[in-house]
Amino acid sequence: MKIGVFDSGVGGLTVFKYLEDVLPNYDYVYLGDNLRAPYGGRDDQTIYEFTRQAVDYLFQKENCQLIILACNTASASALRRLQQEYLPTLNDPHKRILGIIIPIAEAVPRLSKKGKIALIGTKATVKAATYDDEIAKAWGAVRPTEKMYLYKEAAPLFVPLVEEGLLENRATKFLARQYLRPLKKYRPDTLLLACTHYPLLADLLAGIMGKSCRTILPGPIVAASLAEYLQRHTEIDELLSKGASRRFLCTAPPQAFNNLSSRFLGYGVAAEQVLVG
Ligand code: DGL
């Protein structure tokens with residue numbers, strides 16, 4: 001049985017990259033719903049439905065045992081409902097859907113010096129209270145006597161700019177300053193890049209925030225957390241096949257996905273188009 005990695009599109013490859021680095025021997029299937037991306041401006045019900053269809057495809061057609069929602073938007077908006085309403089319908093106690101928010105939230109008390117956290121993400125991620133709730137829970141468990149503040153800002157235009165490859169463009173730099181200005185005034189010590197695309201802008205964003213602010217990329221944290229999870233849950237690990245295979249699927253004609261893959265993953269892939277939903 002494989003590990004499924006789901007994202008609304010190509011961006012989740014920034015997470016997948018670290019998963020295969022840390023856990024190279026597993027069999028992976030990556031599914032990007034790029035026909036219906038971006039998800040970030042959509043309402044919760046639509047994000048839930050699209051994500052449910054995609055994970056159902058991975059479980060039923062691709063023999064996945066465990067699925068990582070590499071997408072911040074899907075993790076923020078749909079994960080809890082998937083676990084509560086959809087997963088029980090599979091009648092298999094060993095199927096798992098894991099998001100990326102809890103591992104990131106649990107890393108915050110260790111990574112933030114002063115508990116002043118800035119977060120940028122899609123509109124749906126920022127609107128959802130998931131990051132707020134999980135960071136507050138994780139912070140309270142580790143540093144209960146210290147205050148923690150979370151400041152959030154949606155930065156939706158980064159997604160098309162990154163996909164267009166405009167990483168160094170003046171328009172991107174201008175927008176980055178605009179998006180970060182309201183956050184900078186709180187003097188945060190930590191910046192969470194809560195969207196799959198933003199790690200490609202990490203240097204630019206870090207430069208704007210300044211040296212006293214640490215930038216956090218989801219990928220390495222999520223990969224370390226999955227490794228630890230599989231060590232703890234040997235009953236799941238035993239069901240996962242370890243043939244080091246990779247399969248890339250997308251819902252739109254694959255050319256655009258394939259062209260973008262090297263920028264997000266570091267090497268080009270040949271994805272297959274599949275019909276989901
Ligand atoms: N993958 C999405 C996320 O991490 C960004 C792209 C989208 O809006 O679909 O939130």
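All values reported here derive from a predicted model rather than from experimental measurement. Numbering of ligands and ligand atoms starts at 1, following listing order.
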Mind checking what residues have non-hydrogen atoms under 4.0 angstrom from ligand 1? D7, S8, P38, Y39, G40, C71, N72, T73, T122, C195, T196, H197
The side-chain hydrogen bond (donor to acceptor under 3.5 Å, both in side chains) partners of Q53 (sequence neighbours excluded) come to R36
Output all residues satisfying ring-ring contact (aromatic ring centres under 6.0 Å, His included) with Y28, sequence neighbours left out; order by chain, then residue number. F16
ring-ring contact (aromatic ring centres under 6.0 Å, His included) involving H233 - partner list, sequence neighbours excluded: Y229
Going by atom types alone, do N72 and Y39 pair a side-chain donor with an acceptor below 3.5 Å? no
Would you say CD of Q273 has more than 12 non-hydrogen atoms from neighbouring residues, nucleotides or ligands within 6.0 angstrom? yes
Please verify the inter-ring angle class for F257 with F248; under 30° counts as parallel, over 60° as perpendicular, anything in between as tilted. tilted
